[in-house]
Undergrad: 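Shown below is the structure under consideration.
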Amino acid sequence: MNEADALLALDRIEQALARIEAAAQAVQDEPAAREREDDLHRRHEALKASVARSLSDLDELLGQRGDA
């Protein structure tokens with residue numbers, strides 16, 4: 001994966017997180033939406049953890065390319 005591909009992937013991840021955060025805010029405004037809110041929050045946290053792992057992997061990969 002080259003640097004441009006990695007940056008494009010990061011942009012797409014950030015856009016997805018922004019959509020999730022907007023959806024989470026909209027859910028909070030609905031009555032009787034607690035269950036959906038909890039599920040969305042759980043999924044959001046799982047996605048953030050996955051993104052953090054991916055970013056760490058990308059950082060390591062880019063670091064290895066710089067060392068070569």
Side-chain angles (χ1 to χ4, degrees):
M1 175 183 285
N2 64 37
E3 190 171 346
D5 290 338
L7 292 174
L8 180 61
L10 291 176
D11 286 342
R12 292 178 62 199
I13 290 167
E14 289 175 352
Q15 290 170 3
L17 284 174
R19 288 192 304 272
I20 290 169
E21 289 171 348
Q25 183 62 44
V27 167
Q28 288 178 355
D29 297 336
E30 296 178 16
R34 186 70 181 160
E35 185 176 322
R36 285 185 297 172
E37 181 180 339
D38 290 344
D39 180 56
L40 186 59
H41 180 73
R42 179 188 54 76
R43 291 170 55 200
H44 184 177
E45 292 301 317
L47 178 60
K48 285 184 359 182
S50 176
V51 167
R53 285 189 302 271
S54 295
L55 292 176
S56 178
D57 291 346
L58 284 171
D59 187 43
E60 184 178 329
L61 183 71
L62 292 172
Q64 290 173 355
R65 287 195 79 186
D67 293 339

Undergrad: Rounded at 0.5 Å granularity, tell me how far CG in L55 sits from OG in S50.
TA: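 One finds 9.5 Å between CG of L55 and OG of S50.
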Undergrad: If the condition is side chain to side chain contact (heavy atoms under 4.5 Å, CB included), which residues does H41 pass it with, not counting sequence neighbours?
TA: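 In terms of side chain to side chain contact (heavy atoms under 4.5 Å, CB included), with neighbours along the sequence ignored, H41 is linked to E45.
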Undergrad: Considering residues at least two apart in sequence or located in another chain, which fulfil the side chain to side chain contact (heavy atoms under 4.5 Å, CB included) criterion with D39?
TA: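 Side chain to side chain contact (heavy atoms under 4.5 Å, CB included) check on D39 returns R42, R43.
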Undergrad: Got a sec, which residues hit side chain to side chain contact (heavy atoms under 4.5 Å, CB included) with L17, two or more places apart in sequence or on another chain?
TA: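 Partners of L17 by the side chain to side chain contact (heavy atoms under 4.5 Å, CB included) criterion, ordered by chain and then number, come out as I13, H44, L47, K48.
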Undergrad: Between L8 and L10, is there a shared hydrophobic cluster once you connect ILVMFWY residues whose side-chain heavy atoms come closer than 4.5 Å?
TA: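 Not linked; separate clusters.
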Undergrad: Return each pair, listed once, that meets salt bridge (charged side-chain N to carboxylate O under 4.0 Å, His left out) where at least one residue sits in residues 11-20; pairs must be two or more places apart or across chains.
TA: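 Passing the test, one end in residues 11-20: no pairs.
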Undergrad: Nearest heavy-atom pair of A6 and L58: which atoms, and what distance?
TA: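 The answer is CB-CD2, 4.1 Å.
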Undergrad: Who pairs with E60 by salt bridge (Lys or Arg N to Asp or Glu O under 4.0 Å), at least two apart in sequence or on another chain?
TA: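 Partners of E60 by the salt bridge (Lys or Arg N to Asp or Glu O under 4.0 Å) criterion come out as none, since no residue qualifies.
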